[in-house]
Participant: 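Sharing a structure below in structure tokens format, with a few things to ask.
Count residues from 1 along the sequence.
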Amino acid sequence: MAVLISGIFGVFIGGACITWLANPLIFISWLTYRKTKFSLIMSILAFSFGISFLFFDEIIINEAGHYGEITGYEIGFYLWNLSFIIMIIRNIISLKNKKNCI
């Protein structure tokens, strides 16, 4: 939980830390799921930031600002991005259902 909250400071550093912005974007998407179009936009942006982590070679590994090479992606990375995809699919289905009702 501390890493999630303190992640905002990495945004100011840049690099791979910018992908942290996916977290508040998906949270906003969850909170606004009744406003389907807005929620869809937020979840697409979250997925874009989340998947952009694949384009970085290194990340900050400690508080001193030292960088380390990204050597692989574990299940957490894929589950994190899967949550964005699930929300995108949910919003698309909801939009289609709303159009069918009209």
Side-chain angles (χ1 to χ4, degrees):
M1 185 60 104
V3 173
L4 178 66
I5 294 169
S6 64
I8 188 68
F9 300 113
V11 173
F12 301 111
I13 297 169
C17 297
I18 199 80
T19 61
W20 180 87
L21 288 174
N23 296 323
L25 289 171
I26 197 64
F27 188 69
I28 291 168
S29 179
W30 293 336
L31 292 177
T32 60
Y33 72 94
R34 291 183 191 260
K35 300 175 184 175
T36 310
K37 289 181 184 178
F38 182 73
S39 180
L40 176 62
I41 291 168
M42 292 295 108
S43 55
I44 289 172
L45 284 172
F47 179 68
S48 298
F49 275 107
I51 207 72
S52 71
F53 190 77
L54 294 171
F55 299 107
F56 294 98
D57 297 327
E58 58 185 14
I59 191 165
I60 292 178
I61 57 173
N62 60 26
E63 298 83 12
H66 296 110
Y67 284 83
E69 184 179 347
I70 297 171
T71 58
Y73 306 99
E74 298 294 329
I75 189 75
F77 172 76
Y78 297 108
L79 291 174
W80 184 55
N81 281 287
L82 181 62
S83 71
F84 308 144
I85 294 169
I86 290 170
M87 195 62 184
I88 290 169
I89 292 169
R90 182 255 177 237
N91 285 320
I92 291 171
I93 290 170
S94 183
L95 275 175
K96 286 188 178 200
N97 287 340
K98 284 183 181 179
K99 288 183 181 179
N100 289 338
C101 291
I102 295 176

Participant: Among all residues two or more places apart in sequence or in another chain, which pass the side chain to side chain contact (heavy atoms under 4.5 Å, CB included) test with Leu21?
Facilitator: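 Testing Leu21 for side chain to side chain contact (heavy atoms under 4.5 Å, CB included), a comparison that skips the adjacent residues, returns Val11, Ile18, Phe49.
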Participant: Which atom pair, heavy atoms only, marks the closest approach of Gly50 to Ala22?
Facilitator: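 Looks like N-CB, 3.9 Å.
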Participant: Could I get the full list of side chain to side chain contact (heavy atoms under 4.5 Å, CB included) partners for Ser83, not counting sequence neighbours?
Facilitator: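 Side chain to side chain contact (heavy atoms under 4.5 Å, CB included) list for Ser83, sorted by chain: empty.
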Participant: List in chain and number order the residues that pass ring pair (Phe, Tyr, Trp, His ring centres under 6.0 Å) with Tyr33, two or more places apart in sequence or in another chain; answer none if no residue qualifies.
Facilitator: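 If we apply the ring pair (Phe, Tyr, Trp, His ring centres under 6.0 Å) test to Tyr33, skipping adjacent residues, there are no hits.
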Participant: Who passes side-chain hydrogen bond (donor to acceptor under 3.5 Å, both in side chains) against Thr19, sequence neighbours left out?
Facilitator: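 None.
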Participant: Side chain to side chain contact (heavy atoms under 4.5 Å, CB included) with Leu79: which residues, sequence neighbours excluded?
Facilitator: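 For Leu79, the residues satisfying side chain to side chain contact (heavy atoms under 4.5 Å, CB included) (neighbours in sequence not counted) are Ile75, Leu82.
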Participant: Please evaluate residues Ile88 and Leu40 with respect to the criterion side-chain contact (heavy atoms from CB on, under 4.5 Å), reporting the C-alpha separation (whole Å), side-chain torsions for both, the decisive distance (0.1 Å), and the verdict.
Facilitator: CA-CA 6 Å; Ile88 290 169; Leu40 176 62; 4.0 Å; yes
Participant: Please name all residues satisfying side chain to side chain contact (heavy atoms under 4.5 Å, CB included) with Ser94, sequence neighbours left out, ordered by chain then number.
Facilitator: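 With neighbours one apart ignored, the set is Thr36, Arg90, Lys98.
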Participant: Do Ile70 and Phe55 belong to the same hydrophobic cluster, where Ile, Leu, Val, Met, Phe, Trp and Tyr are linked whenever their side-chain heavy atoms lie under 4.5 Å apart, directly or via other members?
Facilitator: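 They do not share one cluster, since no chain of ILVMFWY contacts under 4.5 Å joins Ile70 to Phe55.
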Participant: Go through the steps to decide whether Phe84 and Ile51 satisfy the test side-chain contact (heavy atoms from CB on, under 4.5 Å), and finish with yes or no.
Facilitator: CA-CA 10 Å; Phe84 308 144; Ile51 207 72; over 6 Å; no
Participant: Let me confirm one number: the CG-CD1 distance from Leu45 to Ile28, rounded to the nearest 0.5 Å.
Facilitator: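 Result: 9.5 Å between the selected atoms.
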Participant: What's the separation between atom CD1 in Ile26 and atom CD1 in Ile86, rounded to the nearest 0.5 Å?
Facilitator: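 The distance works out to 9.5 Å.
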Participant: Start with the C-alpha distance between Leu25 and Phe47, add both sets of side-chain angles, then the distance that settles side-chain contact (heavy atoms from CB on, under 4.5 Å), and finish with yes or no.
Facilitator: CA-CA 9 Å; Leu25 289 171; Phe47 179 68; over 6 Å; no
Participant: For Leu95 and Asn91, run side-chain contact (heavy atoms from CB on, under 4.5 Å): C-alpha distance rounded to whole Å, both residues' side-chain angles, the deciding distance at 0.1 Å, then the answer.
Facilitator: CA-CA 6 Å; Leu95 275 175; Asn91 285 320; 5.6 Å; no
Participant: Considering residues, nucleotides and ligands other than Phe27, do more than 12 of their heavy atoms fall under 6.0 Å from its CZ?
Facilitator: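 No - once you tally the heavy atoms of other residues, nucleotides and ligands closer than 6.0 Å, there are 12 at most.
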